[in-house]
Structure formats: structure tokens, C-alpha cells
Undergrad: 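Supplied in C-alpha cells, the structure appears directly below.
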2 protein chains.
Amino acid sequence: MEVCMGQPMADDLGFLLSRASGQVVRATNAALAEHGLRVRTYSVLVFACEAADGLNQRELAGFLGLDPSQVVLLVDELVAAGLVERQAAETDRRTRLVVPTAQGRRVREAAGEAADAAVEVPLGLLGDAERDRLRDMLTRIWTATG
Amino acid sequence: MEVCMGQPMADDLGFLLSRASGQVVRATNAALAEHGLRVRTYSVLVFACEAADGLNQRELAGFLGLDPSQVVLLVDELVAAGLVERQAAETDRRTRLVVPTAQGRRVREAAGEAADAAVEVPLGLLGDAERDRLRDMLTRIWTATG
DNA sequence: TATTGTTATACTCTATAACTATA
DNA sequence: TATAGTTATAGAGTATAACAATA
């Protein structure tokens, strides 16, 4: 009779990926909570801050790897918190640019520092070179054409 | 006025971790669905198959990094599918050992092969040495004492 | 008194379909 | 007809608290 031949579960990359991701997301969410943010809303805020000319929600969804319908809700939250505004685009009246407010930029700064500090607990055992390698590998996994 | 100074979102390890994890979990779940499993139920089944003497649900929760109350529901599913059984422990009548059935071991084999194949899409760009490095780093992240 | 398994509950994340207004 | 935004809904994952049986 065939007995379990596969690799041990604790060595499975999918399993490790989801566990490690959970650790980091948990730590980050705990730090962001003091600033009224979660990982997902924070991500939207940061992308909005990075884009010089503003981003519409469709572009945001693409960068975030989320469905546009989810982005609507996340932007709603940020608007309610006064951290971003929806601005009418000049060229296309369908699109709405997501632009950070002055307060949004300030909160993004403070929240970013808190998140960076919090993530040092789960990531503390990795050196800078390792983090670069990890970043590179994760980017390739994420962008692998399915 | 202070402008966004933090690292770009697309380079944030937490962000990349959750996106890459999502990719792999999605691909794995799609492959496991044909066998009536998801990543979480599959993980329980594999751990149960690996333990020679059976595992109780508390031990299972520890290995999986889940709350014991979640393990109850996952084991319920596997029992309903005929893939594992809850057996009374000899030494402690509180504990219930989770033991795979013969069918459970067969399904674990087939599902494991399907999952391994499916995960090649998101992980295909990584060589064997890189996967070893990734495994090592993710393990250290997961086990970092919070 | 502490621990195992269990039930219950609520919240977040994810996935999908359908609708509106513009193009 | 196609696309941007929106609404709605359902399922899966996560987090807690409380309880019964047993140690």
C-alpha cells in the first residue's frame, strides 16, 4: 500500500508562504491600527501618494492586484477618514483620480514608520541582502503569468 | 511640506508576501478542488498522514499555526469526506487523535501531485536553489518569536 | 485549577455578477 | 460596444470568547 511520499507539509512553499504572510500582515495591521489603517487601506494610500499625477481606481486595482470593486470600498474608507479625495479627471468623466490630502500624506508617513518598525519582529532574522533576494523572488512569483 | 519618503509599495515585503501568497494559494486551491480539498483541509490531512502515532487537535493547531477552534471545523470536513477519523486516545480521554483513513492517504497522494504541478505556474521562475533559500527565509519569518 | 475539544459570533478578505454613466 | 465606477452578495479566512468533559 502506498504511504505518504510527498514532502513534509512544513517544507511546502505554499504553506510557508501563507503562514509567513499571515505573520507579517498581523504585525503590520497591529501597528497600522493606531493610525486608523489596515494593510489594504494603507496600500491604497501609499500608491496614491506615489503617483505624481494621481491614479484612477482601475489603475489602483491593477497595481494592488485587487478587483476594482474592492478598491471602491477601500477608497471609501480613506475618503471617510479624510486621507484621500476623489477628483474628477479632465480627459475622461468616467474616471475618478484618487489623490491624497495633506493629512493623508502625514498619516502615510507616520503609519509607514510604525509599520516598518513592527515588521522588524517577524523579519528581524533576515539581513539586508536576504531581504533583497526575498523581494526579488516574491516579485517574480507575483508577476508570473498564470 | 513633507512628501512621501518611504519605500515604494511594490517593494514592501509585507505587500509582496501577501500578494505572492495569494497567487500560490489560489493556484493550489484550484488544483485541490478536484479532490474535494482546499489548502487548509489539505494541510490538516498531510500533517495527519505524517504523524506515525496520530496527532491530537491541539498539536495539529500548533503545527498549522491555527486556533484549535478552527481545527475542529477542518477536521469535521475531512471526517465528513471520509479522509480522516477521530480516534479515542488511550492515555487521555479528552484528546481525540486525528488519523487518516486508507482513502485519506490515497487522496493525499493524488492531491499532493496535483498541488505540486499547479504551483509550478507561480513558482516556475525560481530554481531549486532559490526555492531552498526561500523555504529557509519563510521558515525563519514564521518562527520568529513575536 | 488547567487543558481538550467544541460551539458561537463577528469581522476581514476574496470572488463574482450585475448595474450606471460615460466613452 | 466597451470601459470606469459602483452596488450587492456569498464564501472563505481569521480572531475571540465561552462552555462541557476530563485531567
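Within every chain, numbering begins at 1; the chains are lettered A, B, ... in the order of the sequence lines, protein sequences first and strands thereafter.
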Undergrad: Using a strict threshold of under 4.0 Å (side-chain N to carboxylate O), is an ion pair present between R135(B) and E130(B)?
TA: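 No salt bridge links E130(B) with R135(B).
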Undergrad: Rounded to the Å, how far apart are E77(B) CD and dG13(D) C1'?
TA: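 Atom-to-atom, E77(B) to dG13(D), this comes out as 12 Å.
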Undergrad: Where the side chain of R19(A) is concerned, which of dC13(C), dT14(D), dT7(C) is the nearest nucleotide?
TA: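 Out of dC13(C), dT14(D), dT7(C), the nucleotide with an atom closest to R19(A)'s side chain is dT14(D).
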Undergrad: Between dA4(D), dA15(D), dG5(C), which one does the side chain of Q70(B) approach most closely?
TA: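 Within the option list, the nearest is dA15(D).
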Undergrad: Check whether any side-chain nitrogen or oxygen of R40(B) sits under 4.0 Å from OP1 or OP2 of dG13(D), and answer yes or no.
TA: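 For R40(B), the contact criterion (side-chain N or O under 4.0 Å from OP1 or OP2 of dG13(D)) is met.
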Undergrad: Would you kindly give the CG-to-C1' distance between L66(A) and dT16(C), to the nearest whole Å?
TA: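 Those two atoms, CG and C1', are 15 Å apart.
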Undergrad: How long is the line joining CG of L32(A) and C1' of dC13(C), in whole Å?
TA: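 Atom CG in L32(A) sits about 16 Å away from atom C1' in dC13(C).
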Undergrad: Give the rounded distance in Å between these two atoms: CD of E90(B) and P of dT22(D).
TA: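 In whole Å, dT22(D) P and E90(B) CD are 17 Å from each other.
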Undergrad: Starting from P on dT14(C), measure out to CG on L64(A) and report it in whole angstrom.
TA: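 Between P of dT14(C) and CG of L64(A): 11 Å.
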Undergrad: Determine whether any donor atom in the side chain of R58(B) lies under 3.5 Å from an acceptor atom in the base of dG5(C), or the reverse, and answer yes or no.
TA: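 Present.
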Undergrad: If you only use heavy atoms from C-beta on, which nucleotide in dG5(D), dA2(D), dT14(C) is closest to the side chain of R94(A)?
TA: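 When the side chain of R94(A) is considered, dA2(D) is the closest of dG5(D), dA2(D), dT14(C).
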Undergrad: Between dG5(D) atom C1' and L74(A) atom CG, what is the distance in whole Å?
TA: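 L74(A) atom CG is separated from dG5(D) atom C1' by 14 Å.
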Undergrad: With respect to the side chain of N56(A), which nucleotide from dG5(C), dA4(D), dT6(D) is positioned closest?
TA: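 Between dG5(C), dA4(D), dT6(D), the one nearest the side chain of N56(A) would be dA4(D).
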Undergrad: Between atom OH in Y42(B) and atom P in dG13(D), what is the gap in whole Å?
TA: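 Atom-to-atom, Y42(B) to dG13(D), this comes out as 16 Å.
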Undergrad: By nearest atom, which of the nucleotides dA4(D), dG5(C), dT7(C) is closest to the D76(B) side chain?
TA: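 Nearest nucleotide to the side chain: dT7(C).
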Undergrad: DNA chain D: T95(A) or S18(A), which has the more 5' nearest nucleotide?
TA: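 The residue mapped nearer the 5' terminus is T95(A).
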Undergrad: Any base atoms under 4.0 Å from R26(B), or only sugar-phosphate, or nothing? Heavy atoms, all strands.
TA: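 Sugar-phosphate, backbone atoms only, no base.
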Undergrad: Can you tell me how far C1' of dT4(C) sits from CD of Q57(B), to the nearest Å?
TA: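 It works out to 8 Å between those atoms.
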Undergrad: I'd like to know if the side chain of N56(B) reaches the main chain of R96(B), judged simply by a donor and an acceptor atom lying under 3.5 Å from each other, with no hydrogens or angles considered.
TA: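 Looks like no, no N/O pair under 3.5 Å.
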Undergrad: Between dT6(C), dG13(D), dA21(C), which nucleotide has the shortest distance from any of its atoms to the side chain of R96(B)?
TA: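 The answer is dT6(C), which lies nearest to the side chain.
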Undergrad: Both L55(A) and L73(B) contact DNA chain D. Which one's nearest nucleotide lies toward the 5' end?
TA: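 Nearer the 5' end of the strand: L55(A).
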Undergrad: For D92(B), report the nucleic acid contact type (base, sugar-phosphate, nothing); a contact means any heavy atom under 4.0 Å.
TA: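 Counting heavy atoms under 4.0 Å across all strands, the contact made by D92(B) is with sugar-phosphate only.
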Undergrad: Examine distances only and state if a side-chain atom of T41(A) and a backbone atom of L74(A) form a donor-acceptor pair shorter than 3.5 Å.
TA: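 Not a single qualifying donor-acceptor pair exists.
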Undergrad: Give the minimum heavy-atom separation between A61(A) and D67(A), together with the two atoms involved.
TA: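 Scanning both residues completely, I find the closest heavy atoms to be CB-C, 4.2 Å.
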Undergrad: Spell out, as yes or no, whether a donor-acceptor pair under 3.5 Å connects the side chain of T28(A) to the backbone of A115(A).
TA: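 Not a single qualifying donor-acceptor pair exists.
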Undergrad: Can you find a donor-acceptor N/O pair under 3.5 angstrom joining the side chain of R93(B) to the base of dT22(D)?
TA: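 Such a pair does not exist between side chain and base.
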Undergrad: Of the listed nucleotides (dG5(D), dG13(D), dT4(C)), which one gets closest to any side-chain atom of R38(B)?
TA: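 Per side-chain heavy atoms of R38(B), the pick is dG13(D).
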Undergrad: If every non-hydrogen atom of F15(A) is compared with every non-hydrogen atom of S43(B), which pair is closest and at what distance?
TA: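 Heavy-atom minimum between the residues: CD1-OG, 3.9 Å.
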Undergrad: Assess whether one donor atom and one acceptor atom, taken from the side chain of S69(B) and the base of dT16(D), lie less than 3.5 Å apart.
TA: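 Flag set: donor-acceptor pair detected.
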Undergrad: Using the side-chain heavy atoms of R86(A), tell me which of these nucleotides is nearest: dG5(D), dA21(D), dT6(D).
TA: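 My answer, after comparing the listed nucleotides, is dT6(D).
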